[in-house]
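All ligand and atom numbering here is 1-based and tracks the order in the structure. Just so you know, these numbers use all the heavy atoms, side chains as well, and skip hydrogens, waters and symmetry mates.
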Amino acid sequence: MTGLLEGILTSPVGRKVAAKAGLAEPPRLRRGRVLPAGPVALASLPGGGIAAEVLDAVGVSPVEPLLDLPGNRTDDEKGRPQPPRYETRPGALVIDATGVREIAQLELLRQVLRPVMKGLEKSGRVIILATEADAVDGLEAKAVAQGIDGIMRTVGKELRGGSTANLVLLAEGVQASDLVSTMSFLLEGRSAFVSGQVWRVAPAKTPVEGAASDKPFADRVVVVTGAARGIGAAIARTFHRDGAKLVVVDIPAAGESLAQVANELKGSALQLDITAPDAGARIADHVARVHGPEARIWAMVHNAGITRDKMLANLDEKVWASVLDVNLAAEMRINEVLLDHDRPGALAEDGRIVGIASTSGWAGNKGQTNYAASKAGVMGLVWAMRDELADSRVTTNGVAPGFIETEMTGKIPYVQREVFRRTNSLSQGGQPVDVAETIAYLCDPASSGVDGQVIRVCGQNLIGR
Ligand code: NAI
């Protein structure tokens with residue numbers, strides 16, 4: 001039945017019916033380490049200035065933004081005044097609103113945004129930089145900081161053609177060099193499926209040295225669990241592209257496909273059930289054996305996860321426990337062992353830990369109490385570790401994928417799958433590589449000021465915040 005329905009809806013006639021019902025063909029997204037093709041317009045609002053420095057470091061020469069002011073409008077054929085049009089469609093609009101403190105100044109954002117709302121190239125970008133509410137004084141300034149958040153989220157929902165909107169919030173003391181990895185990521189195709197997100201950037205825990213590199217993990221060991229297939233395999237491939245030495249981990253039953261991934265990436269495979277009590281020790285021992293006793297893990301990516309969906313009315317203690325153990329408790333036990341930096345093969349003192357949450361953890365999902373508990377728990381863990389490791393140079397972050405096209409989501413009935421795909425601002429499911437790119441960005445040595453964040457990779461899913 002699922003196959004029949006899918007066949008009808010993807011046939012030429014079915015496509016026409018779907019388009020009439022408002023289900024337009026989803027736009028093709030720009031992916032990879034690729035900057036926008038069109039110019040990047042920079043609006044430096046009063047009190048701003050840091051964005052110009054950051055764009056310079058990223059290697060982008062910005063153009064002046066157009067302003068939607070009465071004198072700049074032209075009438076269309078029906079005599080309706082239209083905002084000014086760029087000669088060449090811009091690939092991005094960057095708004096430096098770091099000095100905006102007054103309600104009246106929000107009008108300046110409207111002026112620069114209106115000309116790009118229908119004028120950006122496909123897969124374009126709106127990136128707003130602002131100062132976080134904790135770093136500004138006065139009621140109006142704090143309210144305005146949140147007001148900018150509302151503008152960004154709405155712009156993300158109104159943009160077309162696969163364009164995205166994101167807000168970068170600067171903590172006190174942030175320098176341009178702390179923002180380069182975030183700005184490169186957001187401008188490039190690596191952030192294709194990330195929209196409607198707020199990124200908090202603080203001063204780097206480890207000072208950022210040198211220019212941004214496209215091989216940031218050269219000679220660094222990265223461990224990825226659940227890497228035999230799906231998102232885990234994509235994460236491993238992305239780190240390999242960026243120069244890492246991979247250790248891929250999965251259960252013995254997935255040994256054959258795990259070995260294939262390891263061979264393809266010239267990495268090493270570790271067959272291990274991460275719920276084993278000695279899993280952390282076995283990962284460290286493996287790293288020390290393969291890469292030498294002095295080697296340390298640069299990034300530990302806790303990707304392995306399972307679902308065992310049942311309505312709570314039918315959920316027994318075994319099914320409950322299995323999900324919480326794989327998705328949350330195992331990650332905690334492994335971290336505890338690897339944070340002993342003196343242990344051969346443990347985490348580097350300035351290393352990275354990343355957990356995989358889920359939008360089900362933000363919003364809850366029918367039939368997934370156990371899964372939502374575990375994934376919301378991953379977020380709680382990330383936030384708690386930020387405080388716990390505040391004095392360490394280790395960063396801990398999470399990603400919360402929305403609907404991603406994998407074997408796991410391939411089992412969802414077609415109509416439900418199509419609803420999940422369409423209920424985000426980009427009208428499509430994400431690809432495993434979209435999650436992988438976000439994780440690689442978080443683990444970049446230059447992302448040292450990004451700590452304790454959970455970034456949603458969901459195309460601005462309508463569910464949850
Ligand atoms: P998948 O089911 O395709 O792959 C998961 C991998 O983890 C498998 O290779 C499996 O063998 C491995 N694994 C499971 N239990 C393990 C254990 N005890 N020890 C070692 N390895 C184990 O799943 P997918 O879709 O690639 O998801 C990856 C992660 O992303 C999971 O944490 C999942 O919860 C999360 N996620 C996925 C979403 C999606 O739309 N696909 C949405 C939100 C989160």
> With backbone taken as N, CA, C and O and side chain as the heavy atoms from C-beta onward, which portion of Asp273 lies under 4.0 Å from ligand 1: side chain, backbone, both, or neither?
Replying inline: both
> Nearest protein heavy-atom contact for atom 25 (O) of ligand 1: which residue, which atom, what distance?
Replying inline: Thr406 OG1, 2.9 Å
> Is it true that Tyr441 and Trp199 have ring centroids separated by less than 6.0 Å?
Replying inline: yes
> What are the two closest heavy atoms between Gln197 and Arg456, and how far apart are they?
Replying inline: OE1-N, 3.0 Å
> Have Gln460 and Asn424 got a donor and an acceptor in their side chains that come within less than 3.5 Å?
Replying inline: no
> Identify the closest protein heavy atom to atom 8 (C) of ligand 1: which residue and atom is it, and at what distance?
Replying inline: Asp250 OD2, 3.6 Å
>> Check this for me - ligand 1, Gly230, N or O atoms closer than 3.5 angstrom, yes or no?
In response: no
>> Which residues pass the salt bridge (Lys or Arg N to Asp or Glu O under 4.0 Å) test with Asp451, not counting sequence neighbours?
In response: Lys205
>> Just to be sure I read this right, does ligand 1 sit under 4.0 Å from the backbone of Asn327, its side chain, both, or neither, counting only heavy atoms?
In response: neither
> Atoms of ligand 1 less than 4.0 Å from Ile306 heavy atoms?
Replying inline: 14 (C), 15 (N)
> Run the side chain to side chain donor-acceptor pair (under 3.5 Å) check on Gln453 and Asn397 step by step: do they pass?
Replying inline: CA-CA 5 Å; Gln453 309 280 303; Asn397 291 287; 5.4 Å; no
> Is the shortest distance from a Lys or Arg side-chain nitrogen in Arg153 or Asp149 to a carboxylate oxygen in the other one below 4.0 Å?
Replying inline: yes
>> Return the closest protein heavy atom for atom 3 (O) of ligand 1 as residue, atom name and distance.
In response: Arg229 NE, 2.9 Å
> Nearest non-hydrogen atom to atom 20 (C) of ligand 1 belongs to which of Val378, Thr307, Thr225, Leu272?
Replying inline: Leu272
>> Starting from atom 33 (C) of ligand 1, what is the nearest protein heavy atom, named by residue and atom, and what distance separates them?
In response: Tyr371 OH, 3.5 Å
> Which protein heavy atom lies closest to atom 24 (P) of ligand 1, and at what distance to 0.1 Å?
Replying inline: Met408 SD, 3.9 Å
> Does Thr359 come within less than 4.0 Å of ligand 1, judged by its heavy atoms?
Replying inline: no
>> Checking contacts here: is it the side chain or the backbone of Ala330 that comes within 4.0 Å of ligand 1, counting heavy atoms only? Could be both or neither.
In response: neither
> With a cut-off of 4.0 Å, which atoms of ligand 1 are near a heavy atom of Ala357?
Replying inline: 44 (C)
> Among protein heavy atoms, which sits nearest to atom 37 (C) of ligand 1, and what does the distance come to when rounded to 0.1 Å?
Replying inline: Ile231 CD1, 3.7 Å
Please report, to 0.1 Å, the donor-acceptor pairs under 3.5 Å made by any side chain of residues 371-383, with sequence neighbours excluded.
from, atom 1, to, atom 2, distance (Å)
Ser374, OG, Asn327, ND2, 3.2
Ser374, OG, Tyr371, O, 2.7
Lys375, NZ, Ile356, O, 2.8

> Nearest protein heavy atom to atom 16 (C) of ligand 1, by residue and atom, and its distance?
Replying inline: Ile251 CG2, 3.7 Å
>> If I take atom CZ from residue Phe193 and atom OG1 from residue Thr438, how far apart are they, to the nearest 0.5 angstrom?
In response: 10.5 Å
> Among protein heavy atoms, which sits nearest to atom 28 (C) of ligand 1, and what does the distance come to when rounded to 0.1 Å?
Replying inline: Asn303 OD1, 3.2 Å
> Out of Pro401, Pro432, Ala253, Ser360, who gets a non-hydrogen atom closest to atom 43 (C) of ligand 1?
Replying inline: Pro401
> Which is closest to atom 22 (C) of ligand 1 in terms of heavy atoms, Ala304, Gly402, Ala279?
Replying inline: Ala304
> Hey, looking at atom 35 (C) of ligand 1, which of Ile356, Val224, Asp325 has the closest heavy atom?
Replying inline: Ile356
> Considering only heavy atoms, does Ile404 approach ligand 1 within less than 4.0 Å through its side chain, its backbone, both, or neither?
Replying inline: both
> Should Gly232 be counted as touching ligand 1, given the test is an N or O pair under 3.5 Å?
Replying inline: no
